[in-house]
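Reading through the structure tokens given below for one structure.
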Amino acid sequence: YEIGVRLVGSGMCIRDRESGWLDELQAICYHQNDFDVLHLTGMVDSQEGKACMLTEDEFGNCCYSIAEDITTALGRPFPRLILLCAEAKYSSRQNEITTLARDLISQGAEAIVTFGDEGSEVLISRLYQDLARGETLGSAWRQIYREACRQERPLQSSFTLHLADTELLSRAFVTKERQQPQTTFELRSGFIDSAQRMKVADRDNFVGRRRQLQNCLKALKIDTDKVGVILHGMGGLGKSTIASRLICDRLPEHLSLIHI
């Protein structure tokens, strides 16, 4: 699950996407390459001696993505801060989360916060609020420490800050020049047909339905004994939107014929 955040004044502009597929993450970062914070949630393991995050391909098969794979998907410039909400696949491999963060730093990421235990939402919310108000990363981190003390919880066990350079602690994520967003993230809808009769959610506002898309792609691309798929259900459930995502994003090499 990926969430991209732009910090604007005292608020945030948020993009979220549930996919697990690095190509999808790459598409998000290509179209919206001005994220301040990227929030990645997933499971971490070790494969062939390297720390990796468990991701998926477009069909839902498990993939092991090392730091280089993730940073390649992110492209340049990297988000200013990466929040890595990770859980080790096996309790004996908790150190793999730290290793992955350090590998991401070595690949060009500047600042990473790793966390994973329950109850971290309050601390993350506080971090977002302070950064959006123009606090430096160091100041915001001190506030996190104080909040953790109030909760009587050891910060090191739940939060770790990894930096490429300690000078980043004096960086303010929001400056006067960035008080207003360059582009607004308003809700928009498109049409699947040229006559504009069938309204669907556009790509930027399409969230979820991962398994349905993956099952459709398996039937259309892998299973040679299947000739197509049927999307059925009550009106308004998003059947046309799923079809439009398949046509526009996942099957661009196919000819699209739409009959309404």
Side-chain angles (χ1 to χ4, degrees), residues 1-5 7 15-30 32-58 60-118 120 123-124 127-128 131 136-138 140-141 144-145 154-171 173:
Y1 198 92
E2 307 95 27
I3 303 176
V5 181
L7 302 172
R15 273 277 189 263
D16 62 354
R17 182 65 55 87
E18 178 190 7
S19 66
W21 187 29
L22 284 185
D23 284 15
E24 189 79 18
L25 175 61
Q26 187 173 30
I28 296 171
C29 293
Y30 176 78
Q32 300 288 343
N33 62 356
D34 58 348
F35 289 139
D36 295 309
V37 182
L38 180 69
H39 190 141
L40 293 176
T41 301
M43 188 166 288
V44 173
D45 196 8
S46 178
Q47 188 77 359
E48 297 181 355
K50 293 186 177 181
C52 55
M53 177 168 272
L54 273 62
T55 59
E56 298 177 346
D57 62 16
E58 63 175 328
N61 300 313
C62 181
C63 301
Y64 293 87
S65 300
I66 61 175
E68 184 177 359
D69 299 326
I70 297 172
T71 54
T72 298
L74 290 177
R76 299 297 177 98
F78 289 140
R80 297 179 173 189
L81 175 65
I82 296 176
L83 298 181
L84 183 59
C85 179
E87 178 182 351
K89 186 175 181 180
Y90 303 102
S91 58
S92 60
R93 294 184 178 178
Q94 290 292 333
N95 62 323
E96 299 298 343
I97 299 175
T98 299
T99 301
L100 179 61
R102 291 174 177 171
D103 290 346
L104 289 169
I105 293 288
S106 69
Q107 289 292 324
E110 294 184 332
I112 299 175
V113 174
T114 57
F115 62 101
D117 66 337
E118 295 183 2
S120 300
L123 300 181
I124 284 294
L127 179 62
Y128 276 140
L131 292 177
T136 64
L137 182 58
W141 193 254
I144 287 287
Y145 180 80
L155 183 63
Q156 196 66 21
S157 68
S158 57
F159 269 66
T160 305
L161 176 62
H162 309 264
L163 295 172
D165 193 322
T166 55
E167 292 184 359
L168 295 170
L169 291 171
S170 60
R171 168 190 287 179
F173 278 50

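Values in this document were obtained by computation on a predicted structure and should not be read as measured data. Note that the numbering runs from 1 along the sequence shown for the chain.
Contacts of Asp165 classified as side chain to side chain donor-acceptor pair (under 3.5 Å), with partners at least two apart in sequence or in another chain: none. For Ser106, the side-chain contact (heavy atoms from CB on, under 4.5 Å) test picks out Asp103, with sequence neighbours left out. Remark: Ala101 pairs with Ile112, Thr114, His162 by the side-chain contact (heavy atoms from CB on, under 4.5 Å) rule, at least two apart or across chains. For the side chain to side chain donor-acceptor pair (under 3.5 Å) test, no residue two or more places apart in sequence or in another chain qualifies with Thr98. With sequence neighbours left out, Arg102 forms a salt bridge (charged side-chain N to carboxylate O under 4.0 Å, His left out) with no residue at all.
A side chain to side chain contact (heavy atoms under 4.5 Å, CB included) with Ile144 is found for one member of Leu161, Leu127, Val113, Ile124 and no other, namely Leu127.
Between the SG atom in Cys52 and the CG atom in Asp45 there is a gap of 5.5 Å [rounded to 0.5 Å]. The distance from the NZ atom of Lys50 to the OG1 atom of Thr99 is 13.0 Å, given to the nearest 0.5 Å. Between Ile66 atom CD1 and Ser46 atom OG the span is 11.0 Å, to the nearest 0.5 Å. Rounding to the nearest 0.5 angstrom, the gap separating the CG atom in Leu81 from the CD atom in Glu110 is 10.0 Å. One distance of note links SG of Cys63 with CE of Met53; it measures 13.5 Å at 0.5 Å rounding.
In this structure, the side chains of Leu83 and Tyr128 come closer than 4.5 Å at one or more pairs of heavy atoms. The closest side-chain heavy-atom distance from Leu169 to Leu163 is below 4.5 Å. Looking only at side-chain heavy atoms (C-beta outward), Ile82 and Leu74 come within less than 4.5 Å of each other. Contact check for Thr136 versus Arg171: no side-chain heavy atoms found under the 4.5 Å cut-off. Using a 4.5 Å heavy-atom cutoff, the side chains of Ile70 and Thr72 are not in contact.
Nearest heavy atoms, Leu137 versus Leu131: CA-CD2, 4.1 Å. The two residues Ile105 and Ala111 come nearest to each other via the heavy atoms CD1-N, 4.1 Å. In terms of heavy atoms, Ala109 sits closest to Ala164 at O-CB, 3.9 Å.
Residues in residues 60-69 take part in these side-chain hydrogen bond (donor to acceptor under 3.5 Å, both in side chains) pairs, two or more places apart or across chains: Thr55-Ser65, Asp57-Asn61.
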